[in-house]
There are 2 protein chains.
Amino acid sequence: MGITRKQEIIQIASRLFKERGYSAVSMRDIAQALDIKAASLYNHISGKQEILATLIIEVGEEFTSQMSQVMTASLNPIEKIEKVIEMHIDVTVNFPDNIATLNNDWMHLEGIALNRVVKMREDYEENFRKIIKLGISEGNIKSQHPEVILFSILSTLRTLYLWNEKRGKMDVNVLKKDMVSVLINGII
Amino acid sequence: MGITRKQEIIQIASRLFKERGYSAVSMRDIAQALDIKAASLYNHISGKQEILATLIIEVGEEFTSQMSQVMTASLNPIEKIEKVIEMHIDVTVNFPDNIATLNNDWMHLEGIALNRVVKMREDYEENFRKIIKLGISEGNIKSQHPEVILFSILSTLRTLYLWNEKRGKMDVNVLKKDMVSVLINGII
DNA sequence: GTCTATACCTAGATAGAC
DNA sequence: GTCTATCTAGGTATAGAC
């Protein structure tokens, strides 16, 4: 009961999309990496768009579900941010290629898949923003532009996937501890 | 004495590359945005590769030159990091489209242009790493994995270009002050 | 489930008229 | 400096044999 051929195609494709981007990878490239001909791919997927939509929505739903767990947990804002950072590191370790494609190629989605993903992203940001604003109003977070805080943390987390060579040598739990420390307490 | 047709082509192209990525933008797209035919582009540039190389190297050299000024300035490590943050915000304001392409499409460069850009990037990171390590050894920066600090700050700075809608409403000097504060002192 | 063959389209780029 | 016309290569996708 290994993975299906469809999952295999999506896995290989996401690795190629990460390296070269969706538009620069052809169906022939994907097929070649699987040692089959391009035409054979169409027995398992409807087209290139389906590959893109599947792998982006897979990781998008993971983020959505994890974020909603954080939102309903009984933690203070700082603790929630810590959880979000740790969660983001876990998802990056589990779906590094999907995240690259989500970040860089979401705009090549077509139809309702595009709308879904844009909405997921907005909801995710809005939840994060709520945590930060609550922390500011409670006096636990510096009274700074919440957008600057949101952007700084989120852009670091979103590009974690680029950091695999160095992270590979580092224990995930050490990385979490250090990341939380740097992003919350600063570097001084 | 306005800009040349070549500069105009590169300007339009960089905006399109930012929005859709290098591979998804055709020479016909670029031509259409200039209200001419694709064949006419070749009177001003040798091909699509030249457009890519020109706009990436332009901003790459800007970063390189600005970073070397910071390195030779008589400032302590924390002050140097502040300067790098401020510098990065300035370059982002001046070259937002070039930075998007540098970040996302550098791997589509061919020949020696690719080597040059990869080296520029490595040198830039290495300079930043030196500042952080010196700060740690002098006791002004937290004794944490320097790579985590480097990565956190750099990934925030590199994706600043994505943040144009909100930044547009914010004064550049306020943004610099807040960014320095968040990245150096944290959010608490 | 994979193949060959192919349809149809769009890509980057060039030639030569104006 | 821009045009039309065109070349060649490569793209996504389908039909039908095995």
Side-chain angles (χ1 to χ4, degrees), chain A residues 1-57 97 101 104-114, chain B residues 1-57 97 101 104-114:
Chain A
M1 286 306 300
I3 60 173
T4 66
R5 200 73 166 132
K6 180 171 175 172
Q7 290 174 310
E8 206 177 356
I9 291 168
I10 290 166
Q11 201 173 64
I12 289 278
S14 66
R15 214 196 59 220
L16 296 176
F17 291 168
K18 178 191 175 185
E19 287 166 3
R20 280 179 266 161
Y22 175 74
S23 305
V25 174
S26 70
M27 295 299 274
R28 293 194 234 265
D29 292 332
I30 297 168
Q32 195 173 35
L34 288 160
D35 259 313
I36 57 175
K37 299 291 171 184
S40 307
L41 294 171
Y42 293 86
N43 258 287
H44 306 280
I45 45 96
S46 67
K48 205 183 171 189
Q49 263 292 313
E50 190 193 346
I51 300 178
L52 183 66
T54 305
L55 74 90
I56 286 184
I57 285 170
D97 302 340
T101 304
N104 301 321
D105 287 314
W106 62 267
M107 74 286 278
H108 297 119
L109 284 170
E110 295 166 5
I112 50 171
L114 177 59
Chain B
M1 284 293 302
I3 60 172
T4 66
R5 200 72 165 135
K6 181 171 176 174
Q7 291 172 311
E8 205 176 356
I9 290 169
I10 290 167
Q11 202 173 67
I12 289 278
S14 66
R15 214 196 58 220
L16 295 177
F17 292 168
K18 178 190 175 185
E19 288 166 4
R20 279 178 267 161
Y22 174 74
S23 305
V25 174
S26 70
M27 295 299 274
R28 288 172 173 87
D29 292 333
I30 297 168
Q32 195 173 33
L34 289 160
D35 259 314
I36 57 176
K37 298 293 172 183
S40 307
L41 294 171
Y42 293 86
N43 258 289
H44 307 280
I45 44 97
S46 66
K48 204 182 172 191
Q49 263 292 312
E50 190 192 346
I51 300 178
L52 182 66
T54 304
L55 75 91
I56 285 184
I57 284 169
D97 301 340
T101 304
N104 302 321
D105 288 314
W106 62 269
M107 75 287 277
H108 297 119
L109 283 170
E110 296 166 6
I112 50 171
L114 177 59

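Throughout, a chain's letter reflects where its sequence line sits, starting with A, and its residues are numbered from 1.
Distances shorter than 4.0 Å separate none of the side-chain N or O atoms of B:S40 from OP1 or OP2 on D:dG1.
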Legend entry - Base versus backbone protein contacts along nucleotides 8-14 of chain D [heavy-atom cut-off under 4.0 Å; B, S, -]: ---BBBB
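D:dA15 atom P lies 17 Å from atom CG of A:L41, rounded to whole Å. The separation between B:I45 atom CD1 and C:dG12 atom C1' is 10 Å, rounded to whole Å. Rounded to a whole Å, the NZ atom of A:K37 is 18 Å from the C1' atom of D:dG16.
No side-chain heavy atom of B:I51 sits under 4.5 Å from any side-chain heavy atom of B:L41. Between B:W106 and B:L52, every side-chain heavy-atom pair lies at or beyond the 4.5 Å cut-off. Residues B:M27 and B:I45 are in side-chain contact: their nearest non-hydrogen atoms beyond the backbone lie under 4.5 Å apart. When side chains are defined from C-beta on, B:F17 does not count as touching B:I10, because their heavy atoms never get closer than 4.5 Å.
Side-chain N or O atoms of A:T101 include one that pairs as donor or acceptor with a backbone N or O of A:D97 at under 3.5 Å.
For the pair A:I36 and B:S23, nearest-nucleotide mapping onto DNA chain C gives the more 5' position to A:I36.
The pair A:K6-A:E50 counts as a salt bridge, with a side-chain nitrogen and a carboxylate oxygen less than 4.0 angstrom apart.
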